[in-house]
Amino acid sequence: MKFNADEIASVIQKEIEQYESELDVREVGTVLDVGDGIAHVYGLSNVMSGEMVAFPSGVNGLAFNLEENSVGIIILGNYLDINEGDEVRALGKLLSVPVGDAVVGRVLDPLGNPLDGKGPVATTDRRPVEFLAPGVAERQPVCEPLQTGIKAIDSMTPIGRGQRELIIGDRKTGKTAIAIDTILNQKDSGVKCFYVAIGQKDSSVAGVVKTLQDHGAMDYTTVILSGAASPAPMQYIAPYAGTAMAEHFMFQGQHALIIYDDLSKQAVAYRQLSLLMRRPPGREAYPGDVFYCHSRLLERSAKLSDELGGGSLTSLPIIETLEGEVSAYIPTNVISITDGQIYLQPDLFFAGVRPAMNPGISVSRVGGAAQVKAMKKVAGGLRLDLAAFRELEAFAQMGTELDKATQSRLDRGYRMVELLKQPQYQPLHVMDQVMSIFAGTHGHLDAVPVEDVRNWEGAFLKFMHDQQREVVDELARAQDMNDAIAAQLTAAIKAFNATYLPAAGSVVTA
């Protein structure tokens, strides 16, 4: 076999030209001890707070505590695969997650890995999990409504795009139900939804995903799951990861909604990590910076200025209270960060008032700015009327003789409470809500038996859409309750009552 000297020379020449001298410089350390989702590492003297590190098993970690002789690492994965003496390598980058249209409709873990068996997330776009919130000059006031489809909320504690509205209450009072109904109501509105489940049972989250699929809501929703079996570091970073995915759409000039279910469990995970790292405990053994943990998360929700595209990120954080203790540490922290709260009361829930919202304590600090004009006009005094009704009801229970005017106010209050009840997974269009509340507040339900109010509402809305379509269209076009529309609506209600009440007459006389 003959060799051609010219060929060999040209190959060698080419190799010399393409040769690049690259030094593989790595900052490495050694695992001193590992357990409970954290590791202490000797070395890594130049590592930065929040920088990612890699273990030989392929698991990544995050520099959490920078101490004099070691670095405290929180492990994002199975810490049982890491042993004392393992070499740890600093990666020189921050934790990031995949973003963009590819994550919509998926169930992911906080690192962006798929949990739904639909294959890898096909995107090269990534965003850092920790990101600075928009400043004052980059925002604009909240003025655009985000409809939840729930009468009690849209009328009394309206939510605007870019707002942070806390949902707070004891366990099993319908907090998640409100969040899911809000997601279902975003269908065809162009709002991308993100549901972050922190410390929930996997079976509960599977039920939520099934509900979203059944109602066609997974087409515009992403579920980020860090379940009860997940290690504390994963539960801690889950809300930040979900926010990074949602922020991508906000900065693209689109609208997004994110639900954190729930931040109480994230605070507990953060407390666990801090205590294991020997950080000084404060009130209720939480570390001193647990407020910052939530404030830097929730401040990322905003309505951006027109110069930045006018996109928005609305957040509905959920906090679980124990025995209605709203003045506990984490609830008071989050109440002070958010723009209002929806307080769900167990007594109302068990009495069949669902959603079990207490209108006296619940508040939206954005107020009427986040309502359409029609809703603002018909529901303006509803909160005060219901709060007064609750007082009057307590007074009436003492068995006192009531005059006719007081009794009629009580009767109307009972009907309004019944009217504001709403079954789960049945969000109402805002104009249907306006027509229902208009009928209730203007006394058109006074002749309807209390137990028949919800049947009346269903039949009335069907009547309006089938036989009075021009009134509905006019209301939807104007988005306002002017005198002409109010007169048309009143006439339509009277026409409906003329046919409905005689049919219900046997109940009325009874």
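- With rounding to the nearest 0.5 angstrom, the CZ atom of Phe64 is 4.5 Å from the OH atom of Tyr270.
- Counted by atom type alone, Tyr425 and Asp214 present zero donor-acceptor pairs between their side chains at under 3.5 Å.
- Between Lys93 and Glu51 there is no salt bridge, since none of the side-chain N atoms of the basic residue sits less than 4.0 Å from a carboxylate O of the acidic one.
- Going from atom OG of Ser204 over to atom CD of Gln200 covers 6.5 Å, rounded to the nearest 0.5 Å.
- Shown here for Pro110 and Val97, the closest heavy-atom pair between the two residues is O-CG1, 3.4 Å.
- Using cut-offs of 30° and 60° for the angle between ring planes, the Tyr329 and Tyr286 rings count as tilted.
- Expressed to the nearest 0.5 Å, how far OG of Ser362 lies from CG of Leu386 amounts to 11.0 Å.
- One finds no salt bridge joining Arg278 and Glu67 here, because no Lys/Arg side-chain nitrogen approaches an Asp/Glu carboxylate oxygen to under 4.0 Å.
- Salt-bridge formation is detected for the pair Arg300/Glu247: a Lys NZ or Arg NE/NH1/NH2 atom is positioned less than 4.0 Å from an Asp or Glu carboxylate oxygen.
- Once rounded to the nearest 0.5 Å, the distance linking CD1 of Ile361 with OG1 of Thr157 reads 13.0 Å.
- Using modelled atom types and a 3.5 Å distance limit, the side chains of Ser312 and His255 yield a donor-acceptor pair.
- Between the side chain of Gln186 and the backbone N or O of Gln147, at least one donor-acceptor pair lies under 3.5 Å.
- Between the side chains of Asp181 and Gln424, no donor-acceptor pair is found at a separation under 3.5 Å.
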Verdict with reasoning, Leu298 to Ser315, per side chain to side chain contact (heavy atoms under 4.5 Å, CB included): CA-CA 7 Å; Leu298 293 167; Ser315 58; 3.9 Å; yes
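- Of the inter-residue distances, the one linking Met357 atom CE with Ile167 atom CD1 reads 11.0 Å to the nearest 0.5 angstrom.
- Looking at Glu165 and Arg365, no side-chain N of the basic residue comes within less than 4.0 Å of a carboxylate O on the acidic one, giving no salt bridge.
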For His248 and Arg127, run side chain to side chain contact (heavy atoms under 4.5 Å, CB included): C-alpha distance rounded to whole Å, both residues' side-chain angles, the deciding distance at 0.1 Å, then the answer. CA-CA 8 Å; His248 170 79; Arg127 264 187 86 80; 4.0 Å; yes
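- The minimum heavy-atom distance linking Ala246 with Ala256 is given by the pair O-CB, 3.9 Å.
- A pairwise comparison of heavy atoms in Ile73 and Gly61 identifies CG2-CA, 3.8 Å as the closest pair.
- In summary, the side chains of Gln163 and Asp339 do not present any donor paired with an acceptor at a separation below 3.5 Å, with no hydrogens or angles considered.
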Check the pair Leu212, Leu184 against side chain to side chain contact (heavy atoms under 4.5 Å, CB included), reporting the backbone distance first and the verdict last. CA-CA 7 Å; Leu212 294 174; Leu184 298 184; 4.0 Å; yes
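- In this structure, CD1 in Ile330 is found 10.5 Å from CZ in Phe291, a value given to the nearest 0.5 Å.
- No salt bridge links Glu320 with Arg171; every basic N to acidic carboxylate O contact stays at or beyond 4.0 Å.
- Between Met52 and Leu94 there is no side-chain heavy-atom pair separated by less than 4.5 Å.
- Glu138 has no carboxylate O lying under 4.0 Å from a charged side-chain N of Lys303, or vice versa, which leaves the two without a salt bridge.
- Here the side chains of Leu428 and Lys151 are in contact, with some heavy-atom distance below 4.5 Å.
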